[in-house]
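The figures that follow rest on heavy atoms only: side chains count, while hydrogens, waters and symmetry mates do not. All chains are named by letter (A, B, ...) in the order of the sequence lines, taking the proteins before the strands, and each is independently numbered beginning at 1.
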Amino acid sequence: MTPTHDLFAAMRAHVVEALSALLPELPPENFARVLVEPPRDAAHGDMATNAAMVVAKAAKVPPPKLAASLCEKLAALPVVVSATPAGPGFVNIKLTEDFTRSVVPAVLAAGPAYGDGPKREGGPVNVEYVSANPTGPMHVGHCRGAVVGDALALLLRKAGFDVTREYYVNDAGAQVLALAYAAYWRYLQALGTTMTEEDYAAATPSGLQYRGDYLVPVGVALRQIFKDTLSGPGATPADPSLWLDTVRDFTVEAMMSAIRDDLAALGVQHDVFISERQVVAEGWLEKAEAALTAKELIYTGVLEPPKGKTPDDWEPRPQVLFRATQFGDDVDRPLRKSDGSGTYFANDVANHLAKIERGFPQLVQVWGADHGGYVKRMQAAVAALSDRKVSLDVVLTQIVHVMKNGEPVRMSKRAGTYITLRDLIDEVGKDAVRFTMLTRKADAQMEFDLDKVVEQSRDNPVFYVQYAHARCRSVLRQAGDPALAGLAEAPLTALTDPAELALIRRMAGWPRTVEAAAAAREPHRIAFFLQDLASDFHVLWNRGRDDSTLRFIRAEEPEATRARLALVAATATILRSGLAVMGVEPVEEMR
RNA sequence: GUCCUCGUAGCUCAGCAGGAUAGAGCACCAGAUUCCUAAUCUGGGGGCCGUGGGUUCGAAUCCCGCCGAGGACACCA
């Protein structure tokens with residue numbers, strides 16, 4: 001048993017040890033591709049390894065021959081019942097039931113920490129997510145990224161990484177200016193202006209963009225605080241220099257406050273909020289440009305027009321360009337516009353330099369799929385700034401289509417069918433939202449069926465998993481909630497039914513699921529694992545229904561009862577631990 | 001035109017770092033309830049993994065072409 005209680009890792013260590021003994025002259029790096037996995041077909045045994053096939057070439061031994069020798073070695077292990085060569089060179093391993101059952105006390109002893117990865121060296125991983133523009137309330141479009149990012153951060157922590165969860169506030173661009181103008185309009189209204197909305201829109205540089213009601217209270221608040229000092233005579237627009245900075249800062253703060261509340265309602269947390277304006281104010285843009293200039297990765301040039309459809313207003317313009325093509329991008333990317341001001345990309349480069357300087361060896365970004373075209377240039381920038389030492393992984397999240405009564409709910413601000421994040425949470429609850437958002441790969445489109453998500457049936461995974469946990473708790477309550485430490489000592493030889501052993505084998509796979517999901521940055525795998533685990537448990541439960549000798553609590557068999565209570569408690573522990581990674585609360589009962 | 005993501009059962013989707021006979025749910029058909037919650041479970045049918053090549057002991061998985069879907073494509077964020 002390894003410290004992490006990972007049966008597969010333990011067996012892999014045995015396999016590698018056996019290989020080393022068989023092939024003493026072979027350098028150990030040849031064992032890197034050795035896998036010990038659950039076989040696809042349970043009839044093959046408890047575990048299978050590809051070791052003979054993977055090592056055969058370097059060892060200059062035919063795979064079947066090597067497999068046979070390996071089997072001899074492995075069969076000699078006390079925890080192995082049999083090891084048999086199969087197919088092109090697989091080794092199928094059948095474990096003693098005692099070894100399989102040893103997972104149960106390991107889970108109970110470790111508690112929620114079962115499946116935790118080893119402590120990782122090298123500094124924290126930075127995970128940036130949500131980063132919605134502070135121009136309005138959060139809607140369902142932001143929701144998926146928020147949930148995926150938050151779950152990914154929790155998953156990486158589970159896997160042993162230190163994680164810094166970050167929100168990048170886009171408070172420096174044209175959108176925020178437009179927001180300020182829109183809030184100013186509500187302020188003038190609060191003062192009782194006689195101006196019409198259309199006149200105001202016409203007099204505003206980029207028009208009146210944000211017309212939603214949510215800015216009305218902001219206007220009222222501005223009047224309460226600043227009276228009429230920000231306006232001209234008779235509640236007419238004053239010169240922007242008198243009010244723009246004030247209104248912008250106030251409105252951004254109001255929007256961020258609302259966003260924070262929404263995120264809190266979703267159970268999403270961040271450790272750090274980084275302001276784009278602050279990043280620029282601290283001079284990171286200049287530092288980034290200087291760093292790239294020093295590496296001779298910056299020049300002034302004119303880009304080719306985009307192939308295919310050229311924008312109508314395209315004309316050749318000299319710009320300050322970053323040599324992204326040297327780092328795998330398709331074209332070099334502008335850092336400054338033709339008027340010399342910085343591009344959004346430049347600010348983002350600055351932000352990433354700041355992160356690199358803060359000492360993160362790994363950066364993760366969760367973006368909407370519409371930003372997919374942006375990935376290469378950002379990775380190029382990070383590679384350039386860090387001399388390829390810092391990695392940037394981007395997780396893209398696809399669109400969510402909200403369905404109700406079998407009809408897609410159209411997202412339209414004008415038609416008033418705009419679904420805010422808060423609406424969604426109010427309708428189905430935070431846990432259902434989070435779990436459901438994680439039942440698909442992040443980059444696959446998904447339907448969010450409001451009716452299905454609250455349905456209490458097999459085809460609602462949220463319910464199915466929660467129900468399994470509730471059943472576990474029900475059994476444990478019946479038994480008077482025995483202490484886990486005591487159950488960890490229980491003899492388990494009574495656990496012999498195939499359904500019981502199948503459940504234990506599933507639990508044995510939890511650590512490797514965590515590890516693999518974290519490495520792939522795919523939190524949805526946790527949701528699928530929990531569904532499988534819940535299924536194994538429901539099967540077992542029903543076995544007790546068919547055959548009363550398999551019920552968990554048997555007054556006439558105290559030892560079997562204790563063994564099964566240990567099994568149930570271990571199941572509940574992993575269900576809770578998995579739900580925690582998803583940020584979902586386990587329920588005690590379903591009534 | 002270029003780039004990105006994707007194409008697996010009637011539907012919605014898994015498939016872990018290339019592994020053995022490709023899985024789950026829904027839907028359909030047939031069953032199980034004196035019981036710790038039947039809100040569950042058992043069994044059955046259903047597939048040229050878009051398509052054509054390549055890499056190798058072995059490909060849904062990796063590489064290339066084609067077809068199809070969605071997205072992104074200078075000075076927006």
J.: So what does A:E315 touch, heavy atoms closer than 4.0 Å: a base, only the sugar-phosphate, or nothing?
T.: base
J.: Using the C1' atom in both, what is the distance from B:rU55 to B:rG15, to the nearest Å?
T.: 22 Å
J.: Could you check which nucleotide pairs with B:rG47 in any of the strands shown, counting Watson-Crick or G-U wobble with both distances under 3.5 Å?
T.: none
J.: Between the base of B:rC75 and the side chain of A:R317, is there a donor and acceptor pair under 3.5 angstrom?
T.: yes
J.: Name the closest nucleotide to the A:E276 side chain, picking from B:rC36, B:rA77, B:rC75.
T.: B:rA77
J.: Pick base, sugar-phosphate or nothing for A:H524, based on heavy-atom distances below 4.0 Å to the nucleic acid.
T.: sugar-phosphate
J.: In whole Å, what separates the P atom of B:rC26 from that of B:rG43?
T.: 13 Å
J.: So which one's nearest nucleotide on RNA chain B is more toward 5', A:R333 or A:T513?
T.: A:T513
J.: Report the base-pairing partner of B:rA17 (Watson-Crick or G-U wobble, both distances below 3.5 angstrom), or none.
T.: none
J.: Indicate, with a heavy-atom threshold strictly under 4.0 Å, whether A:R512 touches base, sugar-phosphate, or nothing.
T.: base
J.: Considering only side-chain heavy atoms of A:P88, which listed nucleotide, B:rG15, B:rA77, B:rC57, is closest?
T.: B:rC57
J.: Which nucleotide in the set B:rA72, B:rC36, B:rC41 lies at the smallest distance from any side-chain heavy atom of A:N542?
T.: B:rC41
J.: Mind checking if A:A172 touches a base, just sugar-phosphate, or nothing, with heavy atoms under 4.0 Å?
T.: nothing
J.: Would a 4.5 Å heavy-atom cut-off, applied to side chains only, mark A:M255 and A:T135 as touching?
T.: no
J.: Any side-chain heavy-atom pair from A:F345 and A:F322 closer than 4.5 angstrom?
T.: yes
J.: Nearest to the side chain of A:V539 - B:rU37, B:rC4, B:rU42?
T.: B:rU42
J.: Can you figure out which of B:rA20, B:rA74, B:rU37 approaches the side chain of A:A86 most closely?
T.: B:rA20
J.: Under the 5.5 Å and 30° test, is A:H44 stacked on the base of B:rA20?
T.: yes
J.: Under 4.0 Å between a side-chain N or O of A:R525 and OP1 or OP2 of B:rA17?
T.: yes
J.: So, does the side chain of A:N92 form a donor-acceptor pair with the base of B:rA20 at under 3.5 Å?
T.: yes
J.: Classify the nucleic acid contact of A:Y467 as base, sugar-phosphate or nothing, counting any heavy atom under 4.0 Å across all strands shown.
T.: base
J.: Under 3.5 Å for both donor-acceptor distances, Watson-Crick or wobble: does B:rC73 have a partner, and if so which one?
T.: B:rG1
J.: Counting only Watson-Crick pairs (N1-N3 plus N6-O4 or O6-N4) and G-U wobbles (N1-O2, O6-N3), all under 3.5 Å, who is the partner of B:rA24?
T.: B:rU12
J.: Tell me which nucleotide among B:rU37, B:rA77, B:rA74 gets nearest to the side chain of A:M590.
T.: B:rU37
J.: Across the strands shown, which category fits A:R440 at heavy-atom distances under 4.0 angstrom: base, sugar-phosphate, nothing?
T.: sugar-phosphate
J.: Should the side chain of A:R336 and the base of B:rC75 be counted as holding a donor-acceptor pair, with the cut-off at 3.5 Å?
T.: no
J.: Looking only at atom types and distance, does a side-chain atom of A:R564 sit under 3.5 Å from a main-chain N or O of A:E559, one as donor and one as acceptor?
T.: no
J.: Would you sort out whether A:Y210 and A:Q175 count as a side chain to side chain donor-acceptor pair (under 3.5 Å), showing the intermediate values?
T.: CA-CA 10 Å; A:Y210 299 101; A:Q175 296 304 313; 2.6 Å; yes
J.: Taking atom P in both B:rU61 and B:rG18, compute the distance separating them and give it to the nearest angstrom.
T.: 11 Å
J.: Looking at B:rC57, B:rC75, B:rG15, which one has an atom nearest to any side-chain atom of A:K337?
T.: B:rC75
J.: By the 4.0 Å heavy-atom rule, please label A:L303 as base, sugar-phosphate, or nothing.
T.: sugar-phosphate
J.: Select from A:R551 and A:F528 the residue whose nearest nucleotide in RNA chain B is closer to the 5' end of that strand.
T.: A:F528
J.: Reckon A:H538 has a side-chain N or O less than 4.0 Å from the OP1 or OP2 of B:rG25?
T.: no
J.: Taking atom C1' in both B:rG25 and B:rC48, compute the distance separating them and give it to the nearest angstrom.
T.: 25 Å
J.: With both distances under 3.5 angstrom, what nucleotide forms a Watson-Crick or G-U wobble pair with B:rU56?
T.: none
J.: For B:rC36, what is the paired nucleotide under Watson-Crick or G-U wobble rules, both distances under 3.5 Å?
T.: none
J.: Provide the distance between the two P atoms, one in B:rA27 and one in B:rG70, to the nearest whole Å.
T.: 29 Å
J.: Can a side chain N or O of A:K441 be found less than 4.0 Å away from OP1 or OP2 on B:rG15?
T.: yes
J.: Contact class for A:G372 (heavy atom, under 4.0 Å): base, sugar-phosphate, or nothing?
T.: nothing
J.: Base, sugar-phosphate alone, or nothing: which one does A:R471 contact when heavy atoms must sit under 4.0 Å apart?
T.: sugar-phosphate
J.: Let's see if you can work this out: which of B:rA77, B:rC3, B:rA20 has an atom nearest to the side-chain heavy atoms of A:A48?
T.: B:rA20
J.: In the structure shown, which nucleotide is the Watson-Crick or G-U wobble counterpart of B:rG7, with both distances under 3.5 Å?
T.: B:rC67
J.: Rounding to an integer number of angstrom, what distance separates B:rC11 and B:rC73 when you compare their P atoms?
T.: 32 Å
J.: Ignoring the backbone of A:Y464, work out which of B:rC36, B:rU40, B:rA74 is nearest its side chain.
T.: B:rU40
J.: In whole Å, measure the gap between the P atoms of B:rC76 and B:rG1 for me.
T.: 28 Å
J.: Is the shortest side-chain heavy-atom distance between A:V176 and A:R248 below 4.5 Å?
T.: yes
J.: Consider the side chain of A:F463, meaning its heavy atoms from C-beta on, and name the nucleotide among B:rU40, B:rC3, B:rA14 that approaches it most closely.
T.: B:rU40
J.: Less than 4.5 Å apart, side chain to side chain, heavy atoms only: is that true for A:D46 and A:R505?
T.: yes
J.: Should B:rG31 form a Watson-Crick or G-U wobble pair with both distances under 3.5 Å, which nucleotide is its partner?
T.: B:rC41
J.: Over all strands shown, is A:D339 touching base, sugar-phosphate only, or nothing at heavy-atom distances under 4.0 angstrom?
T.: nothing
J.: Counting the atoms with a prime plus P, OP1 and OP2 as sugar-phosphate, which does A:S338 contact under 4.0 Å by heavy atoms, base, sugar-phosphate, or nothing?
T.: base
J.: Would you measure the distance from the C1' atom in B:rU8 across to the matching atom in B:rA69 and give it in whole Å?
T.: 15 Å
